[in-house]
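Okay, structure first, notes after.
A, B, ... follow the sequence lines: proteins, then strands. Residue 1 opens every chain. Any value given below was found using the heavy atoms of this structure, including those in side chains, with hydrogens, waters and symmetry copies removed.
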Amino acid sequence: MRFRAAPAPSGELHVGNVRTFLFNWLCARHVGGVFILRIEDTDRARFTEEAYLSALEDLRWIGLDWDEGPEIGGTFGPYRQSERAEMHRNAGMRLLEMGAAYRCFCTAVELDERRKQAMSEGRKPGYDSRCDQLTESQIAANMQNDLQWTVRFRVPKQGSLTFDDLVVGSVTVDHSQIDDFVILRSDGSPLYQLGVVVDDAEMQITHVVRGDDHLSNVPKQILLHQALGAEPPIFAHVPQVFGPDRKPLSKRHGSTSIGEFRNGGYLPEALFNYLVLLGWGTAADTILTRADLVRLFDIEHVHASPAMFDFKKLDWMNGEYIRMLDDEEISRGIEPWLARAKLVGVPATEEQREMISKIAPLIRSRIKKLDESVHYARPFFEEVAIEQVAFEKVMREPHVLELLDRATEALGSAEIWDASHIEEALRAIQTAMDLKPKTAFMPFYVAVEGSTVGAPVFDAMAILGKQTTLDRIAIARSLLV
RNA sequence: GCCCCCGUCGUCUAGCGGCCUAGGACACUGCCCUCUCAAGGCGGAGAUCGUGGGUUCGAAACCCAUCGGGGGUACCA
């Protein structure tokens with residue numbers, strides 16, 4: 001079985017589209033079939049080379065590998081549609097010669113006027129097939145006069161067409177609902193409908209899994225396949241992804257492109273997992289690895305109804321995946337974010353890396369997205385700038401001065417500098433002063449980490465070292481008097 | 001307008017005629033744990049399965065209608 005993903009890279013790859021690519025990939029891997037990547041770059045006005053390159057990068061980032069396609073080739077290439085225009089045109093002309101299509105001399109303006117006219121009179125706005133009535137001599141005359149013409153596919157006027165969609169089920173469309181549609185523009189270039197069909201046929205695609213905005217194209221495409229003497233593929237149309245307002249997910253809802261999620265501190269395996277669960281699920285688990293998904297995924301159980309994108313659930317899931325990372329992976333993962341915040345160099349020095357690996361286990365369970373690591377890591381790389389609100393709320397308490405003084409003395413004379421000894425020393429003070437743990441320790445968070453939220457403070461002190469810790473306490477104390 | 005598709009807790013889903021007084025997850029919330037924040041553990045609230053008719057001994061599941069939503073109706077993809 002052969003599946004394909006066909007992105008049209010005009011900007012950044014949209015998560016909704018990527019989800020359908022994921023479905024294709026999963027189908028192919030599930031049955032041990034072939035996954036093909038084909039770039040639909042026919043729309044020269046919108047396509048950019050930059051978008052194309054970043055699309056490939058995004059696909060690889062989220063873990064999609066293709067068996068045939070750009071950069072790796074394959075027996076059915078080329079895999080960029082723009083390089084196949086000749087093939088499409090030939091197919092279109094063949095259809096014309098066979099009599100399955102005909103020349104249309106109506107101009108775009110005429111068509112437009114008639115459409116508006118029909119609409120205002122409440123009639124069906126479609127093409128009326130008038131050029132199909134042209135006689136041989138009329139056509140010859142038009143050609144003689146150098147009139148521009150397009151090629152239109154002739155759709156049967158009677159009967160209907162039924163097909164079985166793997167997701168949607170049985171769909172029936174009356175032929176009368178489909179107009180004779182253009183397959184070749186007046187400049188000879190192919191239109192989308194022709195292009196996909198020729199490519200799917202040539203590449204021997206057996207299953208077309210795509211967004212349901214293409215559902216109404218199916219009858220046209222089946223007709224084209226048949227006219228071309230090819231077996232139509234099996235279709236599966238998955239619904240779109242919606243935003244919280246039940247409208248198709250778009251920019252105004254927040255991040256929508258793969259690049260934005262990557263730059264937002266998300267892990268590819270988490271996004272992968274989440275996207276597949278949008279419109280599909282199992283009774284048992286929600287956290288499913290790539291291998292689990294390959295084993296379990298079943299396109300026929302994908303919902304035919306649209307799913308809303310839930311950013312909060314994605315965040316939770318990302319946190320789950322972060323917690324599954326080992327220290328080494330966490331360290332590698334957060335380094336770019338620390339670099340971006342200018343806490344470490346690019347690349348980080350050995351010394352910085354050592355520090356990162358020390359704080360990584362402290363950070364792991366506290367963040368949902370990698371970029372949040374910056375807050376927890378900052379005090380380990382920079383002088384502390386105490387948050388104003390934290391200072392006002394915590395350091396103004398009457399016991400703080402004495403607390404800091406006692407701590408300075410106890411920690412100053414500490415023989416062994418590790419988290420448990422630090423804790424022991426500070427707990428002794430807490431008990432002596434008869435304070436609740438929280439009240440006793442909070443000032444140290446503020447003094448040492450600059451915030452009421454941070455890595456566990458005894459560990460932080462241990463990592464920062466005795467001198468730095470005492471210095472920071474001294475600075476905080478100086479702010480009190 | 002016409003055509004096609006869709007409709008289970010706020011959200012993602014399980015469900016494929018009796019196991020459903022509808023299960024799980026996110027979010028929300030109570031308690032526990034606790035040096036902050038998290039994480040974790042144990043509970044709670046939340047869906048008469050869009051609505052109205054049928055079919056059936058029995059329906060969330062099948063049929064019809066209705067309402068609501070989405071898509072298409074291009075010399076866009």
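Contact annotation for A:His214: base contact, defined as any heavy-atom pair under 4.0 Å involving a base atom. Using a 4.0 Å heavy-atom cutoff across all strands shown, A:Cys106 reaches at least one base atom of the nucleic acid. Counting non-hydrogen atoms under 4.0 angstrom, A:Glu320 reaches the backbone sugars and phosphates but no base. The residue A:Pro437 sits close only to the backbone: its heavy atoms come under 4.0 Å of sugar-phosphate atoms, none of a base. No contact: A:Gly319 has no heavy atom under 4.0 Å from any strand. Using a 4.0 Å heavy-atom distance criterion, A:Tyr274 is classed as making no nucleic acid contact. Using a 4.0 Å heavy-atom cutoff across all strands shown, A:His375 reaches no nucleic acid atom at all. Residue-level contact check: A:Gln193 touches the bases, meaning some heavy atom is under 4.0 Å from a base atom. Residue A:Val182 is classed as a sugar-phosphate contact, given heavy-atom separations below 4.0 Å to backbone atoms only.
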For nucleotides 61-64 of chain B, tabulate all protein N/O to nucleotide N/O atom pairs closer than 3.5 Å, reporting atom names and distance.
none

Write out a two-atom table: protein N or O, nucleotide N or O from nucleotides 1-7 of chain B, distance below 3.5 Å.
from, atom 1, to, atom 2, distance (Å)
B:C2, O2', A:Gln177, OE1, 3.4
B:C3, O4', A:Gln177, OE1, 3.1
B:C6, OP1, A:Val168, O, 3.4

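When the side-chain nitrogen and oxygen atoms of A:Arg152 are compared with OP1 and OP2 of B:C75, one or more of them lie within a distance under 4.0 Å. Phosphate contact (OP1/OP2 of B:A74, side-chain N/O of A:Arg185, threshold under 4.0 Å): absent. Between A:Arg115 and the phosphate of B:A74, there is a side-chain N or O to OP1/OP2 separation shorter than 4.0 Å. Not one side-chain nitrogen or oxygen of A:Arg38 sits closer than 4.0 Å to the OP1 or OP2 atom of B:A77.
Across the P atoms, B:G40 and B:C26 are found 9 Å apart, a figure rounded to whole Å.
Taking only side-chain atoms of A:Leu278, from C-beta outward, the nucleotide of B:A39, B:G15, B:C12 with the closest atom is B:C12. Out of B:U13, B:C75, B:G24, the shortest distance to the side chain of A:Ala307 is found at B:U13. Proximity note for A:Val457 (side chain, C-beta onward) versus B:C35, B:A38, B:U36: the nearest is B:C35. Listed nucleotides: B:U73, B:U11, B:A25. Nearest to the side chain of A:Met308: B:U11. The A:Gln240 side chain lies nearest to B:G70 when the options are B:A77, B:U36, B:G70. Distances from the side chain of A:Ser365 to the nucleotides B:C37, B:C16, B:A39 place B:A39 closest.
If you find the closest nucleotide of RNA chain B to A:Val453 and to A:Pro248, the one lying nearer the 5' end belongs to A:Val453. Positionally, the nearest nucleotide of RNA chain B for A:Trp280 lies more toward the 5' end than for the other of A:Trp280 and A:Glu40.
In this structure, a donor-acceptor pair under 3.5 Å is absent between the side chains of A:Arg295 and A:His30.
Searching all strands for a Watson-Crick or G-U wobble partner of B:U66 with both distances below 3.5 Å returns B:G50. Taking a pair to require two hydrogen-bonding distances under 3.5 Å in either a Watson-Crick or a G-U wobble arrangement, B:G18 pairs with B:C57. Under the Watson-Crick and G-U wobble criteria, each requiring two contacts below 3.5 Å, nucleotide B:A45 is left unpaired.
Cation-pi geometry between A:Lys220 and A:Phe181 is satisfied (NZ or CZ under 6.0 Å from the ring centre, within 45° of the ring normal). Judged by the 6.0 Å distance and 45° axis criteria, A:Arg154 is not positioned over the aromatic ring of A:Tyr102.
Using a cutoff of 4.0 Å between basic side-chain nitrogens and carboxylate oxygens, A:Glu49 and A:Arg80 are scored as salt-bridged. A salt bridge does not link A:Glu113 to A:Lys116: none of the charged nitrogens lies less than 4.0 Å from a carboxylate oxygen.
Atom CD of A:Glu409 is surrounded by 12 or fewer heavy atoms from other residues, nucleotides or ligands within 6.0 Å.
Between A:Tyr274 and A:Phe309, the ring-plane angle classifies as perpendicular under the 30° and 60° cut-offs.
The only option from A:Asp315, A:Asn318, A:Asp371 that meets the side chain to side chain donor-acceptor pair (under 3.5 Å) definition with A:Tyr266 turns out to be A:Asp315.
Scanning residues 419-428 of chain A for heavy-atom distances under 4.0 Å to RNA chain B yields A:Arg427.
Interface remark: the A:Lys312 side chain does not form any donor-acceptor pair with the B:C26 base, using a distance-only criterion of under 3.5 Å.
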